[in-house]
Amino acid sequence: MIEIKDLHKSYKMGSNSLHVLKGINFKAEDGELVAIMGSSGSGKSTLLNILGMLDEADSGEYVLDGIPIKNLNETKAAKYRNKFLGFVFQSFNLINYKNAMENVSLPLYYQGMGRKERNEKAMKYLEQVGLKQWATHLPNELSGGQKQRVAIARAMAAEPKLLLADEPTGALDSTTSYEVMDLIQKINDAGNTILVVTHEEDIAHMCKRIIHLKDGVIVEDKKVKQVRAADYVQQG
Amino acid sequence: MKFLFDRNTWQEIYGSIRKNKVRTIITVIGVTWGIFIYIALSGAAKGMDNGFEEAFETVAINSMFAWAQNTSMPYAGFKTGRPIQLKLGDVQVLKNRIPEIETIAPRNVRGFFGTPQANISRGGTTGNYTVYGDFPDFTKISTKKIYDNGRFLNDEDIEQARKVCVIGERTQKELFEKGENPIGGYIRIDKVYFQVVGVHKFVPGGGFEGDGDIFIPFTTYRKLYNTGDDVMWFSIAAFNDADVIQVEKDVKAVLKNIHKVHPDDERAFGSFNLGEIFNRIIGFSKGITFLSLIVGIATILAGVIGIGNILLISVKERTKELGVRRALGATPREVRNQIIMESVVLTLIAGIIGIILGALVLAGIDGATQDIDFPYNNPTVPIPLVLAALAIMVILGTLIGLIPAQRAVSIKPIDALREE
């Protein structure tokens, strides 16, 4: 699914440049649920941005589902993001004047899907995240956990090859965090490839594989026994 | 262009405009005010234009009057203060020497310039009315609308010095019974019987004439009042393309020459130039139209710049939203189009509201000026001008929208997302 070879990235900070990624190599197969861990400044967000085509690497290869991702202009990147990728952000990033359903259907709008069709699809995904009855509510009428579930529904609505979650539980308390992770696990169970950036150990252990980044290189890459978030959710 | 006809585009635009209603309304007011000013002012000016045009409808626009007074300078052996008398023979000389003249109508009158009104009677009724001695050509300069079955004076009336007359509406009312046909009837003008051949409709605004005026053939007049070849004044119409002011000067010069008046004597002949007055009035209303265009465009421009300004702020506020949209797959082009369309839609809505308000005000003015005695009629703005104004606003809206749109796409999505 993902193949990365010798990825380098540095930022210019005034006169000196900051080398953030110093040769990253890894592969992820279809249906994997990978946690990318690391302290702040380790380069995990940069890596995610490059994977998300929001940023471009200085050198190295990035192949997504057999398609080499390079020489992207903004328009091409936007089309790829729309077709291949789903984003989940730490701060949800819902559009506050659109209701839950409209938020979920937004990527479908940019795919050029008709209104009726995309609303139906949006409702289907909202139902999957258990928020069907909240479809007409604006984001500020939803709790943090609900917002993140809407955001996940939005990311899934375009049926992406890869779901990228940047600290999806970073703004949530642990109970809601587990609910969100439960949802992510279920989506993964359905066969979707997911990359989660996190700095929380317990969240990382709910994935199937953990990659540790430190100072721009992968220091550890191990498969773990997945902890099911549902075990924590149900008892509560 | 396809996105223009896509319902989704409009829903996106509506969605983002409606989220900040108060600001949208305030933004829109500037442009609304501009187009309102433009429509109301230029419509009002047009109404004045129409009014004046209507007032001058019955008079040849490039016409003038010339009359004789007393000399103020000695010349060719004559003393100063000599009274000058225009003569019928002057007509041919004027026509020969000034090719710009289309028509000259020599006129005499009883009832003005110190002469008493004529005594008119029919049966037991009598009254005093103004009587003009005229040539048929006079109607080429000042149209006389004659009621059904009647006619104005004609050439044969002149040749044979017929005792026929054209009477006014009031004269008819006062001398004839209601329902009685005046045509063919007889009235006495200063004890001489005249047959009525026509009744003229009085149109206000055409100088000092009134609704009781009686017109008789020039030749009959001069026999009746023993005026010989004397003429009180000339009504002169120049050809449409002639410079009336120059014609006025030429006429005076020729008259001075004929009557042996010093060429620099400004007091010997008087004249009144309708064309000049008319040009001044038309110039005035043109000036107002032009002014309203300038003021309107300036205000619209200010309003559109206001919209651009607000959109610029709005784009700044929405940086994150636009970043999210781009992360979800909006191309720079789609983002740019959306911002531009927001600008155009705001401008257009503002413009349409302004046009409607302006039209309402014009309708109000029209209603209020229906019955007043002021040359004002049908204040309108031609549809092509309205459409042009709308087109200009679409163009301005697009141009001004380009600035915030360009700004919106110049921020990279990753930076936009990082913004808190």
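The chains referred to below are lettered A, B, ... by the order of the sequence lines, with proteins before strands, and numbering in each begins at 1. Values reported hereafter were calculated over all heavy atoms of this structure, with side chains retained and with hydrogens, waters and symmetry mates removed.
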Handout entry: Under 4.5 Å from a heavy atom of chain A, the part of B:Arg318 involved
Key =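 When you check distances to chain A, only side chain atoms of B:Arg318 fall under 4.5 Å.
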
Practice task
Please state whether the side chain, the backbone, both or neither of A:Tyr80 comes within less than 4.5 Å of a heavy atom of chain B.
Solution key: neither

Exercise for the section: Side chain from CB out, backbone as N, CA, C, O: work out which of these in A:Asn49 comes under 4.5 Å of a heavy atom of chain B, or both, or neither. Expected result: side chain

Exercise for the section: Answer whether the closest heavy-atom distance between the side chains of A:Asp55 and A:Tyr11 falls below 4.5 Å. Expected result: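 Side-chain contact under 4.5 Å: yes.
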
Problem - Side chain to side chain, A:Trp134 and A:Val150, heavy atoms closer than 4.5 Å - result: no

Handout entry: Nearest heavy atoms of A:Val104 and A:Ala157, plus distance in Å
Key =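 What the structure gives for the nearest pair is O-CB, 3.6 Å.
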
Handout entry: Heavy-atom pair of closest approach, residues A:Lys44 and A:Glu167
Key = CE-OE2, 3.7 Å

Practice task
Select, from A:Ala78, A:Ser45, A:Ala77, the one with the greatest count of heavy-atom pairs under 4.5 Å involving chain B.
Solution key: A:Ala78

